[in-house]
*Asks:* 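Pasting a structure below so you can have a look.
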Amino acid sequence: MVRALFDGPVSKYAGDALYTVLIYTLVVLILPRVSPWVAAVLAAGASWAIEFAQLEEIPAVLRPLLGSTFNPPDLFWYAVGAAAAWAAHTLWLRRAG
């Protein structure tokens with residue numbers, strides 16, 4: 001959706017942040033009682049691990065999911081995504097409780 005609305009670095013880096021939000025969501029679905037802070041650390045850590053794995057050869061079948069080129073600015077945007085998911089989750093828990 002972002003790539004349909006925006007062009008250039010906005011869509012690329014928004015995609016990086018949203019990738020981490022997806023991982024955050026999966027963490028919360030798998031571990032429903034996880035604290036927002038732990039979910040954010042796990043999501044950012046997984047995103048960073050995948051990014052650093054790109055320093056080595058990624059099998060062709062996994063490249064559409066994991067990417068193939070290490071890009072240092074992506075690390076920052078993964079942290080932005082984790083922080084955004086943490087903030088939304090924390091706000092939701094405060095309003096629900």
*Asks:* Looking at G81 and V21, what are the two nearest heavy atoms and their distance?
*Replies:* O-CG2, 3.5 Å
*Asks:* Is there a path from L55 to L75 through hydrophobic residues (I, L, V, M, F, W, Y) whose side chains come within less than 4.5 Å of each other?
*Replies:*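 Yes, same cluster.
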*Asks:* Quick check: closest heavy atoms across A40 and W86, and the distance to 0.1 Å?
*Replies:* CB-CB, 3.9 Å
*Asks:* Once rounded to the nearest 0.5 Å, what's the spacing between atom OG of S47 and atom CZ of F52?
*Replies:* 12.0 Å
*Asks:* Where do Y13 and P73 come nearest, in terms of heavy atoms and distance?
*Replies:*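 That would be OH-CB, 3.7 Å.
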*Asks:* For A53 versus I58, what's the shortest heavy-atom pair and its separation?
*Replies:*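 Residues A53 and I58, closest heavy atoms: O-CD1, 3.7 Å.
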*Asks:* Using the rule that two of Ile, Leu, Val, Met, Phe, Trp, Tyr join whenever any of their side-chain heavy atoms come within less than 4.5 Å, decide whether L29 and V34 are in one cluster.
*Replies:* no
*Asks:* Could you give the distance from CH2 (W48) to OG1 (T20), rounded to the nearest 0.5 Å?
*Replies:* 10.0 Å
*Asks:* List the atom of P64, the atom of A60, and the distance in Å for their closest heavy-atom pair.
*Replies:*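 The pair with the smallest heavy-atom distance is CD-O, 3.5 Å.
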*Asks:* Find out if a path of hydrophobic residues (ILVMFWY) with successive side-chain heavy-atom gaps under 4.5 Å connects L91 to V38.
*Replies:*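 No, no single cluster joins them.
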*Asks:* Y78 and L66: same hydrophobic cluster, using ILVMFWY side-chain contacts below 4.5 Å?
*Replies:*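 Hydrophobic grouping puts Y78 with L66.
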*Asks:* Quick one: list whatever passes ring pair (Phe, Tyr, Trp, His ring centres under 6.0 Å) with Y19, sequence neighbours left out.
*Replies:*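 Checked Y19 against ring pair (Phe, Tyr, Trp, His ring centres under 6.0 Å); zero matches.
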*Asks:* Would a hydrophobic clustering, with Ile, Leu, Val, Met, Phe, Trp and Tyr connected at side-chain separations under 4.5 Å, put L65 with F70?
*Replies:* yes
*Asks:* Give, for atom CZ of R95 and atom OG1 of T90, the distance between the pair rounded to the nearest 0.5 Å.
*Replies:* 12.5 Å
*Asks:* Heavy atoms, side chains only, cut-off 4.5 Å: are N71 and Q54 in contact?
*Replies:* no
*Asks:* Decide yes or no for K12 and W77: does some side-chain heavy atom of the first lie under 4.5 Å from some side-chain heavy atom of the second?
*Replies:*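 With C-beta onward as the side chain, the pair stays apart.
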*Asks:* Roughly how far, to the nearest 0.5 Å, is CG of D74 from CD1 of I50?
*Replies:* 11.5 Å
*Asks:* Report yes if the side chains of W92 and P36 come closer than 4.5 Å at any heavy-atom pair, otherwise no.
*Replies:* no
